[in-house]
Amino acid sequence: MQREAFWALTPDVVFLNHGSYGACPRPVLERQHELRLHMESEPVRFMTRELEPLLDQARAVLSGFVGAQPQDLVAVTNATTAVNAVVGSLRFSPGDELLVTSHGYNACTNAVRLAAERSGAGVVVAPVPFPLEHAEQIVDAVLAAVTPRTRLAVVDFVTSPTALVFPIERLVRELEAQGVMVLVDGAHAPGMVPLALDSLEASFFTGNLHKWVCAPKGAAFLHVRRDRQALVRPTVISHGANSPRRDRSRFQLEFDWVGTSDLTAFLSVPRALEVLAPWPELMRHNRDDALAAGALLAKALGVRLPAPAELIGSMVAVPLRGDQAGLERWLFDERRIQVPIISFGGRWWVRVSLQRHVRPGDVQALADALLTRNAGVAG
Ligand SMILES: Cc1ncc(COP(=O)(O)O)c(C=O)c1O
């Protein structure tokens with residue numbers, strides 16, 4: 001099947017940046033369109049009577065996918081919103097420490113810094129090495145940064161600038177055992193790696209659904225462990241705060257309504273899960289393709305990959321030679337290749353995302369373009 005028959009992607013672009021904002025299949029966009037038309041056919045009925053059952057249905061399907069109980073999940077528009085809600089809700093004291101890593105996502109680290117600033121707490125950045133040889137180096141770096149004052153650790157499941165799949169089960173187990181609440185920034189995790197949130201037992205976990213689940217933009221979730229739910233409030237306070245209802249938790253009453261908005265992206269998640277199934281096969285396929293793409297690029301450029309296969313998911317970061325500040329723009333303007341060129345740790349990297357829409361020859365086209373620009377050792 002032609003890529004464009006299923007995906008809405010434009011045919012004239014080599015699309016190797018699924019990681020930033022995902023890409024949504026046509027049948028999923030059609031489901032969202034159908035929901036929107038239905039909403040607008042009788043907006044009051046939709047908002048006051050139909051939305052909650054629809055939300056519950058979508059939440060139930062999603063719970064099965066991420067290995068969680070529906071009562072512990074709420075819809076949010078994106079991972080940034082979820083991180084802001086959690087760090088903005090928790091109360092810290094002067095001298096407390098909030099832990100992040102050097103591979104953290106800038107927007108989320110900013111939210112942590114503001115929360116720390118407001119309460120006189122400090123932010124400690126665990127320097128995770130890169131390149132690295134094995135997962136232990138990540139665990140060691142994070143645990144070495146913990147002190148008796150560490151209250152919260154915000155740890156990415158899959159890192160954005162470096163495309164590493166962190167050993168999250170180990171990190172959560174060790175940190176929570178030391179009394180450190182863990183907020184897992186799993187923005188890239190759903191649809192890239194299998195999830196079992198009930199057994200992970202992190203205090204807080206957020207995942208985007210518009211990235212690797214391929215839902216429409218603005219679909220994400222926040223999972224909060226039952227014993228932590230009373231601590232977390234949405235950033236936007238609405239009717240739920242003093243609702244007399246007793247049929248569901250304050251956590252859900254508050255997050256399920258943060259003012260009038262369009263929740264059709266989240267409501268389309270079951271359709272995305274359906275059309276891309278079976279998921280174990282898709283995740284395996286994308287990872288195999290990422291490993292193959294990494295090998296192809298490393299060979300073409302004469303470089304070594306920065307991490308072992310056990311730390312790779314559906315994205316791979318490959319080192320480049322020299323200053324590549326203008327490369328991302330050149331690749332798009334001159335070669336119609338969409339791929340992020342990232343500066344991290346004093347070096348430039350190309351981060352390639354593999355999803356089913358990537359066509360045979362797309363990665364080779366990138367390798368050829370990088371060689372033309374002299375970005376490799378062999379180039
Ligand atoms: C690790 C990580 N956290 C958070 C985000 C933010 O996602 P959003 O813009 O959907 O909130 C991203 C986006 O790329 C990310 O990679």
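We count ligands from 1, going down the list as the structure has it; atoms in each ligand are counted the same way.
There is a side-chain donor-acceptor pair under 3.5 Å between Trp212 and His188. If you check the side chains of Glu310 and His134, you find no donor sitting under 3.5 Å from an acceptor.
Set against the non-hydrogen atoms of Asp156, the atoms of ligand 1 under 4.0 Å away are 1 (C). Using a 4.0 Å cut-off to heavy atoms of Ser160, the atoms of ligand 1 that qualify are 16 (O). For ligand 1, the atoms sitting less than 4.0 Å from at least one non-hydrogen atom of Asn78 are 8 (P), 10 (O), 11 (O), numbered in the order shown with element in parentheses.
Across the listed options His188, Lys211, His210, Lys211 owns the non-hydrogen atom lying nearest to atom 14 (O) of ligand 1.
Taking a 6.0 Å sphere around CZ of Arg118, one finds it holds 12 or fewer heavy atoms contributed by other residues, nucleotides or ligands.
At a heavy-atom cutoff of 4.0 Å, ligand 1 is contacted by the side chain of Cys108 but not by its backbone. Residue contacts with ligand 1, taken as heavy atom pairs separated by less than 4.0 Å, involve Asn208 solely via side-chain atoms from C-beta onward.
Nearest protein heavy-atom neighbour of atom 3 (N) of ligand 1: Asp185 OD2, 2.6 Å. Of the protein's heavy atoms, Thr80 OG1, 2.5 Å lies nearest to atom 11 (O) of ligand 1.
Under the 4.5 Å side-chain heavy-atom criterion for ILVMFWY residues, no single connected hydrophobic cluster contains both Leu175 and Leu183.
Panel note: side chain Thr206, backbone Phe221; a donor-acceptor pair is recorded below 3.5 Å.
The six-membered or imidazole ring of Phe157 lies away from that of Phe166, with a centre-to-centre distance of 6.0 Å or more.
A heavy-atom separation below 4.0 Å is found between Ala79 and ligand 1.
By the 4.5 Å heavy-atom criterion applied to side chains, Arg225 and Phe204 are not counted as neighbours.
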